[in-house]
Amino acid sequence: MTHIARVTDGVTVEALMEEMGARARAAARGLAVASTEVKNAALRAMATEIRGATTEILAANAADVADGRAKGLASSFIDRLTLTPERIEAMAKGLEDIAALGDPVGRVLAAWDRPNGLHIERVATPLGVVGIIYESRPNVTADAGALCLKAGNAAILRGGSDALRSSSAIVAALRRGLAGAGLPEDAVQLVPTADRAAVGAMLAGLSGAIDVIVPRGGKSLVARVQQDARVPVFSHLEGICHVYVDAAADLAMAEKIVVNAKMRRTGICGAAETLLVDRACAATHLKPIIAALRAAGCEIRASDEVRAVVPDAVPASEVDWSTEYLDAIITVGLVDGVKGAIDHIERYGSHHTEAIVTDDAATAERFMNEIDSAILLWNASTQFADGGEFGMGAEIGIATGKMHARGPVGVDQLVSFKYRVRGTGQVRP
């Protein structure tokens with residue numbers, strides 16, 4: 001690190017982060033042996049504190065949103081940044097939902113006996129200290145801190161600079177809940193500076209304090225984390241999600257699913273960015289689906305072949321097929337059946353989430369078996385790519401890598417394991 005910015009009282013970012021790491025490591029030791037009852041009591045207390053701090057959180061968020069508008073941030077970004085009383089209540093309810101989940105720590109994942117009498121168990125254990133680097137969405141602050149706590153981990157949170165006031169107010173409430181339940185407040189810490197040197201310090205591991213990094217944000221953030229991290233990373237690449245409408249798709253269902261997948265919330269990673277339609281049903285399905293998207297306020301960017309049918313669509317460039325818009329824009333193309341859809345997704349996709357609409361079970365099975373994405377859906381919207389919708393409680397993000405965690409990263413993905421071996425005096429010959 002060639003430049004270290006000053007924070008307050010002459011303390012450098014590097015020194016601040018090292019101290020946070022040490023405190024998180026100390027907190028993690030206590031959390032690793034905390035009982036399920038204590039952790040759940042803390043989560044419920046955190047929810048109560050969030051509700052009690054609604055006025056303060058909304059005031060902090062209003063200042064963040066005002067700054068965001070002044071900077072000219074995109075409407076989709078402002079939507080992710082904005083908190084309302086309903087979203088704060090959902091945040092608190094999410095904490096209670098996590099409390100209601102089974103405790104992943106201490107589960108016996110496998111057990112067996114050896115011929116020499118040794119009894120061996122593989123048991124779930126906390127990861128330790130989880131560093132979470134994310135952008136804009138302040139509700140992630142509560143979700144991430146709570147999920148880590150349930151799995152017995154301490155969390156160091158580095159939220160987006162545009163939501164720093166909001167995240168600070170949320171973390172203050174979480175820490176009050178932790179203290180009230182008798183757990184260390186340092187189980188959840190928020191990096192108090194927007195200086196990018198703090199991210200560099202986290203990626204370096206804070207002298208061994210951080211066990212894993214979870215990035216949640218845009219392509220540039222994830223790319224930097226993957227390139228610079230010296231600790232393991234749960235990768236969450238961009239969500240270039242596809243919906244494929246097969247020749248055997250029910251048109252009314254296809255319209256409903258495509259509009260929801262794109263337009264329910266355009267700024268989430270599970271929003272559809274590309275629509276692929278089977279050439280065999282283009283004559284009957286293409287125009288009605290595009291009309292439904294336009295009626296919902298979506299801009300259409302289309303291949304030349306699609307524009308021959310919908311001439312006022314914006315021409316799609318090569319870049320459009322691999323763009324995560326996070327906005328009311330979708331790219332539309334025609335393909336030759338399910339094989340064409342699979343080939344297109346393999347070329348342009350990010351291995352996040354893909355959906356097929358069809359009444360043909362064999363075609364659906366081929367789509368879900370041959371595409372190597374974290375989440376595949378049949379006759380359902382890509383907006384279900386969410387840990388809560390999977391019944392996993394809240395999530396930190398959707399992991400698109402293949403090591404350790406893939407898909408929604410919830411409490412069960414935030415543990416490792418160790419082996420416990422019990423003997424009766426055996427020695428190895």
Side-chain angles (χ1 to χ4, degrees), residues 24 27-28 30-44 46-47 91 93-111 120-134 139-157 174 183 187-188 210-216 231-237 239 269-270 351-353 373-377 384-420:
L31 293 177
V33 295
S35 70
T36 302
E37 292 73 24
V38 169
K39 290 188 291 186
N40 289 345
L43 288 164
R44 290 190 291 268
M46 290 156 73
M91 195 186 307
K93 179 64 165 54
L95 299 178
E96 293 170 338
D97 290 344
I98 293 170
L101 295 173
D103 192 337
V105 179
R107 287 177 301 141
V108 177
L109 305 174
I120 303 174
E121 296 176 334
R122 185 164 66 243
V123 182
T125 60
L127 292 168
V129 177
V130 181
I132 302 154
I133 303 171
Y134 55 101
N139 65 293
V140 174
T141 303
D143 291 348
L147 287 167
C148 287
L149 173 65
K150 181 76 177 194
N153 303 304
I156 297 177
L157 311 175
L174 299 182
L183 288 178
V188 179
I210 292 182
D211 294 286
V212 66
I213 292 282
V214 181
R216 178 168 176 168
V231 294
V233 175
F234 290 172
S235 298
H236 173 154
L237 202 58
C269 62
H351 304 289
H352 192 292
T353 298
S373 292
I375 301 172
L376 286 308
L377 301 110
F384 284 107
D386 176 270
E389 295 298 325
F390 279 28
M392 299 165 61
E395 64 173 41
I396 292 179
I398 305 293
T400 54
K402 297 184 181 180
M403 299 301 292
H404 186 80
R406 196 174 199 209
V409 178
V411 292
D412 289 332
Q413 289 69 45
L414 290 173
V415 293
S416 182
F417 57 82
K418 62 184 176 185
Y419 291 93
R420 297 193 304 212

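Both backbone and side-chain heavy atoms feed into the values below; hydrogens, waters and symmetry mates do not.
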The salt bridge (charged side-chain N to carboxylate O under 4.0 Å, His left out) partners of Glu121 (sequence neighbours excluded) come to Arg420, Arg422

Would you please name every residue forming a side-chain contact (heavy atoms from CB on, under 4.5 Å) with Ala100, sequence neighbours left out? none

State which residues pass ring-ring contact (aromatic ring centres under 6.0 Å, His included) with Tyr134; sequence neighbours excluded, sorted by chain then number. none

How many angstroms lie between atom CZ of Phe234 and atom CD of Gln413, to the nearest 0.5 angstrom? 8.5 Å

From Thr141 OG1 over to Asn139 CG, what is the distance, rounded to the nearest 0.5 angstrom? 7.5 Å

Distance-only, no hydrogens or angles: does the Arg216 side chain make a donor-acceptor pair with backbone N or O of Ile396 under 3.5 Å? yes

Can you tell if the side chain of Val105 reaches within under 4.5 Å of the side chain of Thr125, non-hydrogen atoms only? no

Contacts of type side chain to side chain donor-acceptor pair (under 3.5 Å), residue Ser416, not counting sequence neighbours: none

Using the six-membered ring of Phe417, assess whether NZ or CZ of Arg122 lies under 6.0 Å from its centre and within 45 degrees of the ring axis. yes

Going by heavy atoms in the side chains, are Pro215 and Val233 under 4.5 Å from each other? yes

Interatomic distance, CG@Asp386 vs CD1@Ile398, rounded to 0.5 Å, equals 6.5 Å

Taken in chain and number order and not counting sequence neighbours, the residues that satisfy side-chain contact (heavy atoms from CB on, under 4.5 Å) with Phe384 are Leu377, Ala380, Ser381, Glu389

To the closest 0.5 Å, what do you measure between NE2 (His351) and OG1 (Thr400)? 8.0 Å

With Ser373 via side chain to side chain donor-acceptor pair (under 3.5 Å) - residues at least two apart: Glu354

For Gly387 and Pro408 the tightest heavy-atom approach is CA-CB, 3.7 Å

For Ala124, enumerate each residue passing the side-chain contact (heavy atoms from CB on, under 4.5 Å) test, keeping only those at least two apart in sequence or located in another chain. Arg107, Leu109, Val415

Kindly list each side-chain donor-acceptor pair under 3.5 angstrom involving residues 142-155, sequence neighbours excluded, with atom names and distances?
residue	atom	partner	partner atom	Å
Lys150	NZ	Asn40	OD1	2.6
Lys150	NZ	Ile98	O	3.3
Lys150	NZ	Ala99	O	3.0
Lys150	NZ	Leu101	O	2.7
Asn153	OD1	Leu127	N	2.7
Asn153	OD1	Gly128	N	2.8
Asn153	ND2	Leu414	O	2.8

Identify, with sequence neighbours excluded, every residue that meets side-chain contact (heavy atoms from CB on, under 4.5 Å) alongside Ala34. Lys39, Leu183

Can you find a pair of side-chain heavy atoms, one from Val130 and one from Val214, that are under 4.5 Å apart? yes

Applying side chain to side chain donor-acceptor pair (under 3.5 Å), name anything that partners Arg44, two or more places apart in sequence or on another chain. none

Rounded distance (nearest 0.5 Å) linking atom CD1 of Ile210 with atom CD1 of Ile156: 4.5 Å

